[in-house]
Amino acid sequence: MRNPKRMDLFLLLRPLTAFVTRPTAVSAGVQGRGLNSCFRLRSAEKNGLGRLQRRHFSPLSIDAAANTMVKTRRFITVKRFEGEPKPSDLKLVEEELPPLKDGEFLCKAVWMSVDPYMRAYAPRVPLGMTMMGSQVAEIIESKNPKFKVGQNIVGYFGWQTYSISDGSESAKNGLEKPFIIPDFKGLPLSLALGVLGMPGNTAYFGFLELCQPKSGETVVVTGAAGAVGSIVGQIAKIKGCKVIGFAGTDEKCKWLTEDLKFDAAFNYKKTTVAEALKKAAPNGVDCYFDNVGGETSSEIIRHMNDYGRISVCGSISTYNATDIPKATVVQMPMISKQLKMEGFLVHRWSHRWEEGILQILQWIKEGKIKYNETVTEGFEKMPTAFINMLRGENVGKAVVKV
Ligand code: NDP
């Protein structure tokens with residue numbers, strides 16, 4: 001049974017329903033063959049807020065003789081996640097795709113992403129739909145001059161191996177449209193899902209725009225060894241800040257201090273925030289990049305200096321919770337220290353997407369940013385990779401090689 005309290009929470013989080021795709025028939029420009037009806041995502045507002053609508057139309061015509069039949073494999077949700085997701089909550093299905101129509105292209109997934117938002121927004125997705133998600137895919141057939149065979153793109157096609165798109169997601173729905181990957185100058189394409197993609201831009205814009213860090217300030221990052229957090233900390237170092245990270249294992253903390261040059265890192269499972277900050281930030285915290293929420297964040301906020309800035313990026317400590325978790329109220333420190341706290345969705349900066357990616361690419365080339373990927377091999381392992389990422393088994397970005 002769906003927890004009504006949890007639904008209230010996710011109504012607030014509605015914009016990321018934008019990531020949902022429905023593969024049977026047409027969804028947001030992404031196609032698969034199938035039923036007489038489908039779900040289509042449409043944007044009610046120009047800012048990209050998604051609205052789920054049920055629409056009915058005729059099945060796509062299939063002409064087996066017209067094209068070589070391509071079979072796609074995809075994961076659909078068959079059971080609501082309760083607490084930690086289970087492999088049995090998902091089912092792998094296979095189906096043939098229809099021939100291409102004018103304006104469409106066919107692409108083959110090469111790398112798939114597993115991200116925390118897939119857990120956070122899952123309660124809003126009807127059962128039977130393809131698991132939401134982005135992928136790096138190669139265009140293998142095209143009837144769209146803007147998308148050429150051989151080009152690599154990032155697309156929000158969900159957990160499926162082959163997809164048909166008309167490339168117009170953005171125009172139709174305000175969603176992220178398939179994005180042709182720029183020249184990474186020899187770096188792996190998988191980075192388009194991590195440091196040179198959505199998580200990288202989350203770190204770049206979410207930290208710089210909301211925290212407005214100044215040289216010499218003290219910055220705290222939670223989820224520090226993950227895809228977003230590990231980049232936030234390094235950007236903070238580039239900006240001349242003192243950086244303190246919290247992560248879930250000693251090995252991650254060692255990576256943060258030894259390789260990424262964080263000034264200090266603490267295993268939050270072994271040390272309290274108060275103990276850690278007493279030691280590493282005796283003069284208080286100026287900027288907090290919050291990936292985890294919950295009591296950890298309340299405690300960090302209590303240690304902030306006057307006019308401190310908090311960028312609220314995620315709340316992963318609560319995603320698997322079956323009831324809304326409770327944490328110490330933060331209003332008094334916010335008032336007395338005159339703090340500024342702001343949540344964001346990275347797509348706020350869609351219009352500056354390439355700027356963030358090209359800046360991070362340059363920092364990588366200059367040796368100022370390092371990255372790590374935790375790679376799982378095999379499309380059929382998507383559920384395992386997803387569950388492992390939520391458990392904290394990834395260092396840096398969790399990706400799946402199809
Ligand atoms: P990560 O690569 O950081 O992977 C998730 C990590 O979360 C795990 O490795 C684990 O690391 C940590 N974690 C799991 N459970 C808990 C817990 N109970 N308490 C603390 N940490 C936990 O994921 P991303 O970098 O992709 O995402 C980080 C955050 O940013 C998420 O909250 C995500 O929802 C958010 N996000 C927000 C966006 C936005 O637009 N606002 C865009 C992208 C991401 P550990 O071993 O340290 O526990």
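In each ligand, atom 1 is the first atom listed, and ligand 1 is the first ligand listed.
No side-chain N or O of Glu95 forms a donor-acceptor pair with one of Thr72 less than 3.5 Å apart.
At least one N or O atom of Val228, backbone or side chain, sits closer than 3.5 Å to an N or O atom of ligand 1. Considering backbone and side-chain N/O atoms, Phe344 comes within less than 3.5 Å of an N/O atom of ligand 1. Inclusion of Asn394 in the set of residues having an N or O under 3.5 Å from an N or O of ligand 1 is warranted. Looking at Val292 next to ligand 1, no N or O pair under 3.5 Å apart turns up. The shortest N/O to N/O separation between Tyr268 and ligand 1 falls below 3.5 Å. An N or O contact shorter than 3.5 Å is missing between Tyr117 and ligand 1 by distance. An N or O contact shorter than 3.5 Å is missing between Thr202 and ligand 1 by distance.
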| task | Could you please spell out the steps behind the salt bridge (charged side-chain N to carboxylate O under 4.0 Å, His left out) verdict for Lys214 and Asp286? | result | CA-CA 9 Å; Lys214 295 175 198 67; Asp286 301 296; over 6 Å; no

| said: side-chain contact (heavy atoms from CB on, under 4.5 Å) for Phe157 and Cys107? Distances and angles first, verdict last. | reply: CA-CA 10 Å; Phe157 302 142; Cys107 58; 3.3 Å; yes

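Under the 30°/60° scheme for interplanar angles, the aromatic rings of Phe386 and Trp159 are found to stand perpendicular.
Summarising the contacts of atom 43 (C) of ligand 1 with Met198, Lys269, Arg348, His347, the nearest heavy atom is found in Met198. If you check each of Thr318, Leu390, Val395 against atom 14 (C) of ligand 1, the one with the closest non-hydrogen atom is Leu390. Summarising the contacts of atom 29 (C) of ligand 1 with Leu193, Thr296, Leu345, Asn291, the nearest heavy atom is found in Asn291.
Contacts between Cys313 and ligand 1, counted as non-hydrogen atom pairs separated by less than 4.0 Å, involve both the backbone and the side chain. Residue Met389 touches ligand 1 through backbone and side chain together, judged by heavy-atom distances below 4.0 Å. Looking at Lys252 against ligand 1, only its side chain comes within 4.0 Å, counting heavy atoms.
Of all atoms in ligand 1, listed by their number and element, those nearer than 4.0 Å to a heavy atom of Pro116 are 23 (O), 24 (P), 26 (O), 27 (O), 31 (C), 33 (C), 34 (O). Near Gly396, meaning under 4.0 Å from one of its heavy atoms, ligand 1 places the atoms 2 (O). Atoms of ligand 1 lying under 4.0 Å from at least one heavy atom of Ser315, given by number and element, are 32 (O). Within the listing of ligand 1, atoms 39 (C), 40 (O) sit less than 4.0 angstrom from a heavy atom of Val346. Of all the atoms in ligand 1, the ones that sit under 4.0 Å from a non-hydrogen atom of Ala247 are 47 (O). Taking a cut-off of under 4.0 Å to the non-hydrogen atoms of Gly314, the atoms of ligand 1 that pass are 32 (O), 35 (C). When each atom of ligand 1 is checked for a heavy atom of Ala227 under 4.0 Å away, the hits are 1 (P), 2 (O), 3 (O), 25 (O), 26 (O).
Among Glu217, Glu342, Glu209, the one residue that satisfies the salt bridge (charged side-chain N to carboxylate O under 4.0 Å, His left out) test with Arg309 is Glu217.
The OH atom of Tyr288 lies 6.5 Å from the CD1 atom of Ile301; values are rounded to the nearest 0.5 Å.
Not close to ligand 1: Gly294, with no non-hydrogen atom less than 4.0 angstrom away. For the ligand labelled ligand 1, residue Tyr319 lies inside the 4.0 Å heavy-atom shell.
Taking the charged nitrogens against the carboxylate oxygens, Lys397 and Asp115 do have a contact shorter than 4.0 Å, which makes a salt bridge. Salt-bridge check for Lys254 with Glu251: failed, with every basic side-chain N at 4.0 Å or more from each acidic carboxylate O. The pair Lys101-Asp166 does not count as a salt bridge, with every side-chain nitrogen at least 4.0 angstrom from each carboxylate oxygen.
Shortest non-hydrogen contact noted between Asn291 and Thr222 is ND2-O, 2.8 Å.
Within 6.0 Å of NZ on Lys278 lie no more than 12 heavy atoms contributed by other residues, nucleotides or ligands. Open room surrounds NZ on Lys108; 12 or fewer heavy atoms of other groups in view lie less than 6.0 Å from it. Around CZ of Arg302, the count of heavy atoms belonging to other residues, nucleotides or ligands within 6.0 Å does not exceed 12.
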